[in-house]
Protein chains: 2
Amino acid sequence: MALDSDPTELLREAALRVTRPRLAVLTAVHSHPHADTDAIIRATREELPDVSHQAVYDVLRALTDAGLLRRIQPAGSVARYEARVGDNHHHVVCRSCGAIEDVDCAVGAAPCLHPSDQHGFAVDEAEVVYWGLCPACSAASPEPATTSRG
Amino acid sequence: MALDSDPTELLREAALRVTRPRLAVLTAVHSHPHADTDAIIRATREELPDVSHQAVYDVLRALTDAGLLRRIQPAGSVARYEARVGDNHHHVVCRSCGAIEDVDCAVGAAPCLHPSDQHGFAVDEAEVVYWGLCPACSAASPEPATTSRG
DNA sequence: AGTGAATCTTGACCGATTCAAAATCATTCG
DNA sequence: CGAATGATTTTGAATCGGTCAAGATTCACT
């Protein structure tokens, strides 16, 4: 997770060709964490106006497969990407506006990685999504106490 | 959840009109946990051959909103539904074939519901998805030890 | 049985993502 | 340095899950 300032080197280390679209996408995701594909396309085009949407899709997949990006997709949302990889962090998602924030593991390095019954599955990752309302939305909706799930 | 055997009563309790499509969908989801919409449509049509796909979509939403069904959507998957509601259980998902199994909470009623930093969010639910390989798929892919995330 | 309101049918529509073929570019080797 | 090679990008269209809308039908309650 080093060398944030040198995307070229990141690509080289991942044995990926260093192309203009890849650099632009990598930079765009770095500066727009949790952005969806459309936002990434727009951000990428600020630096490289003529990239095709297809190129961005391809690059996002290549970088995700290479471990340079992480793809997240809360239920009901389109795919989003972030450049923070290699650690085990989770996300809080606002049910109302869809805002996403990072959340570090509550307990040590990998909490919840041991389900009570794995049904024989070889589990290698526990993904946690905290659902709720962001400060802005919870201030906007004066909902008393009707919702309570845990 | 009580009264699994009386879908009519379940609908009544939820203040929903008792219609043929709703009964058929409810029954279909009960007997096909974690099925996607298309599978539910086909299962529903075994009992009620002429339901439209639109009706099934509408019913699924109505029943989900009423709390009779729960919608789950692991990243990269289409929407799936299950009739087990009201408890806090999670899922293991096979990365290879997409198989889903239920997982009870590892610790008490609501583990992981307290992120280290909520960023001011009013969190009301922690959703956990365990990713891995199901028994069949892990037997089929003799992958040594290349993947390790936690 | 009558009535209003909710539900279902039909068919078009949408946005996110993928597919496919041809053109272009980054890297390697002479 | 310049050409060869194969990956990458462009272009354009297709697919797929899901939604929208209008009219016909069905249901719950009186």
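Labels below follow one simple rule: chain letters A, B, ... track the order of the sequence lines, proteins then strands, and each chain is numbered from 1. The analysis underlying the following values was restricted to heavy atoms, covering all of them including side chains, and did not include hydrogens, waters or symmetry mates.
In the set C/dT17, C/dA26, C/dT7, the nucleotide with an atom closest to the side chain of B/Thr19 is C/dT7. Ranking C/dT17, C/dT9, D/dT10 by closeness to the A/Ala55 side chain, first place goes to D/dT10. With distances taken from any side-chain atom of B/Ser52 to the nucleotides C/dT9, C/dT18, C/dC8, the minimum falls on C/dT9. Closest approach to the B/Gln54 side chain among C/dT10, C/dT17, C/dA26 is made by C/dT10 (side chain taken as heavy atoms from C-beta onward). Ranking D/dG18, D/dT9, C/dA16 by closeness to the A/Tyr57 side chain, first place goes to C/dA16.
Mapping B/Thr37 and A/Leu48 onto DNA chain D via the closest heavy atom, the residue that lands nearer the 5' end is A/Leu48. When the nearest nucleotides of DNA chain D are assigned to B/Val18 and B/Arg80 by heavy-atom distance, the more 5′-ward of the two goes with B/Arg80.
A salt bridge links A/Arg84 with A/Asp104: at least one charged nitrogen is closer than 4.0 Å to a carboxylate oxygen. In summary, B/Arg95 and A/Glu125 engage in a salt bridge, as defined by a charged side-chain N under 4.0 Å from a carboxylate O. A salt bridge links B/Arg42 with B/Asp38: at least one charged nitrogen is closer than 4.0 Å to a carboxylate oxygen.
Residue B/Leu63 contributes atom CG, which lies 10 Å from atom P of C/dT7 at whole-angstrom precision. Distance, A/Asp38 CG to C/dT18 P: 15 Å, rounded to whole Å. Atom pair A/Asp58:CG and C/dT24:C1' shows a separation of 14 Å (rounding to whole Å applied). Summarising the geometry, the separation between CZ on A/Arg71 and C1' on C/dT18 is reported as 12 Å, rounded to the nearest angstrom. Rounded to whole Å, atom C1' of C/dT18 lies 14 Å from atom CG of A/Leu60. One can place NE2 of B/His53 at 10 Å from P of C/dT10, the figure rounded to the nearest angstrom. In this structure, A/Ile41 places its CD1 atom 13 Å from C1' of C/dT18, rounding to the nearest Å.
Considering only side-chain N and O atoms, A/Arg17 lies nowhere under 4.0 angstrom from the phosphate OP1 or OP2 of C/dC25. Side-chain nitrogen and oxygen atoms of B/Arg22 include at least one within less than 4.0 Å of the OP1 or OP2 phosphate oxygen of C/dT7.
A/Glu82 and A/His91 share a donor-acceptor pair across their side chains, judged by distance under 3.5 Å alone.
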